[in-house]
Visitor: 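This is the structure I want to talk about, given as C-alpha cells.
Note that the coordinates shown come from a computational prediction; the quantities given were computed from them, not determined experimentally. What you see below is based on every heavy atom in this structure, not just the backbone, and it leaves out hydrogens, waters and symmetry mates. All residue numbers in this chain count up from 1 along the given sequence.
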Amino acid sequence: MPKDILSATDPRPAPADCTTMIDVRQGVDALDRALVLMLAERQRYMDAAARIKPNRNAVHDRARIEDVVEKVKAAAREAGLSEAIAEPVWRQLIDRCIAYEFTVWDKTREG
C-alpha cells in the first residue's frame, strides 16, 4: 500500500478548478476509491484487535469510542471538515467496526 494513499487515487481536478459536474464527479469518485482502500486497512486493524483482545467484553470500549470521536472532531476542525459530517460518520463507522470485530472475535474462538 502506498505511503500516501491519496497519491494512489486517479488523477482529479482540485475542487476549486472544477467547472462541470463531470469534474466534480471525477474528484468524488477518485476520493471514494481512496476511502475504500483506507477503510479496508482500518478493517484489518479490527482483525488484529479481535486477535489480540483477551475476552469478548474488551471489544466494546466506551472510553475508547469517545476518545476516537474527540480526535476525529479535532482533526476535522483542522482540515476544514464540518463536525456535523465527521462525528456521525465516525460514530457509524465505529459501530460497524465493533460489530465486525465481535464477529471476527467469535470466529477466532470457535471450535
Side-chain angles (χ1 to χ4, degrees):
M1 184 164 299
K3 218 174 194 182
D4 176 10
I5 195 80
L6 293 181
S7 68
T9 62
D10 301 335
R12 65 190 183 282
D17 295 337
C18 292
T19 58
T20 68
M21 284 307 298
I22 291 171
D23 293 339
V24 169
R25 290 176 181 144
Q26 179 184 5
V28 169
D29 291 348
L31 291 171
D32 284 346
R33 284 186 289 277
L35 286 168
V36 166
L37 292 173
M38 295 170 76
L39 290 170
E41 182 175 1
R42 191 180 200 285
Q43 179 179 296
R44 289 188 291 276
Y45 283 105
M46 299 305 97
D47 292 332
R51 175 177 42 82
I52 293 167
K53 289 181 180 174
N55 60 62
R56 200 171 195 279
N57 292 337
V59 172
H60 189 273
D61 181 344
R62 174 63 49 204
R64 174 63 179 151
I65 293 167
E66 295 310 315
D67 179 55
V68 169
V69 170
E70 287 308 311
K71 288 175 183 173
V72 165
K73 287 168 51 177
R77 286 190 298 273
E78 211 170 285
L81 173 62
S82 168
E83 287 182 51
I85 294 172
E87 183 173 0
V89 167
W90 257 266
R91 286 194 184 278
Q92 181 67 24
L93 174 62
I94 292 165
D95 181 63
R96 296 292 79 221
C97 285
I98 290 169
Y100 173 81
E101 189 180 331
F102 272 126
T103 300
V104 173
W105 196 96
D106 291 343
K107 282 182 182 178
T108 61
R109 272 77 174 178
E110 284 180 351

Visitor: With sequence neighbours left out, write down each residue that passes salt bridge (charged side-chain N to carboxylate O under 4.0 Å, His left out) with R56, or none if nothing qualifies.
Guide: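 Partners of R56 under the salt bridge (charged side-chain N to carboxylate O under 4.0 Å, His left out) test: D106.
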
Visitor: Looking at residues at least two apart in the chain, or sitting in another chain, which of them share a side-chain hydrogen bond (donor to acceptor under 3.5 Å, both in side chains) with T19?
Guide: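 If we apply the side-chain hydrogen bond (donor to acceptor under 3.5 Å, both in side chains) test to T19, skipping adjacent residues, the hits are D23.
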
Visitor: Please list, chain by chain and in numerical order, all residues satisfying salt bridge (charged side-chain N to carboxylate O under 4.0 Å, His left out) with R33, sequence neighbours excluded.
Guide: D10

Visitor: Looking only at heavy atoms, what is the nearest atom pair of R12 and A30, with distance?
Guide: CD-CB, 3.9 Å

Visitor: Between T108 and V104, is any pair of side-chain heavy atoms under 4.5 Å apart?
Guide: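 Contact flag for T108/V104 side chains = yes.
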
Visitor: Count the heavy atoms belonging to other residues, nucleotides or ligands that lie under 6.0 Å from CD1 of I22, then report whether that count exceeds 12.
Guide: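 Not more than 12 within 6.0 Å, no.
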
Visitor: Between M46 and R42, does the side chain to side chain contact (heavy atoms under 4.5 Å, CB included) criterion hold? Intermediate values first, please.
Guide: CA-CA 7 Å; M46 299 305 97; R42 191 180 200 285; 4.2 Å; yes

Visitor: Please list, chain by chain and in numerical order, all residues satisfying side chain to side chain contact (heavy atoms under 4.5 Å, CB included) with V89, sequence neighbours excluded.
Guide: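 With sequence neighbours excluded, V89 shows a side chain to side chain contact (heavy atoms under 4.5 Å, CB included) to I85, given in chain and number order.
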
Visitor: With rounding to the nearest 0.5 angstrom, report the CG to OH distance, L93 to Y100.
Guide: 13.0 Å

Visitor: Taking a hydrophobic cluster as the set of Ile, Leu, Val, Met, Phe, Trp and Tyr residues connected by side-chain heavy atoms closer than 4.5 Å, whether directly or through intermediates, do V69 and L39 fall within one such cluster?
Guide: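 Same cluster.
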
Visitor: Minimum heavy-atom separation for R109 to R51, with atom names?
Guide: NH2-O, 3.6 Å

Visitor: Could you work out, with salt bridge (charged side-chain N to carboxylate O under 4.0 Å, His left out) as the rule, every residue matching K71, not counting sequence neighbours?
Guide: D67

Visitor: If you look only at pairs with a residue in residues 84-105, which of them pass as a salt bridge (charged side-chain N to carboxylate O under 4.0 Å, His left out), with sequence neighbours excluded?
Guide: K53-E101, E66-R91, K73-E87, E87-R91

Visitor: Between CZ of F102 and NZ of K107, what distance do you get to the nearest 0.5 Å?
Guide: 15.0 Å

Visitor: Between atom CG of D47 and atom CD1 of I52, what is the distance when rounded to the nearest 0.5 Å?
Guide: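 It is 10.5 Å, given to the nearest 0.5 Å.
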
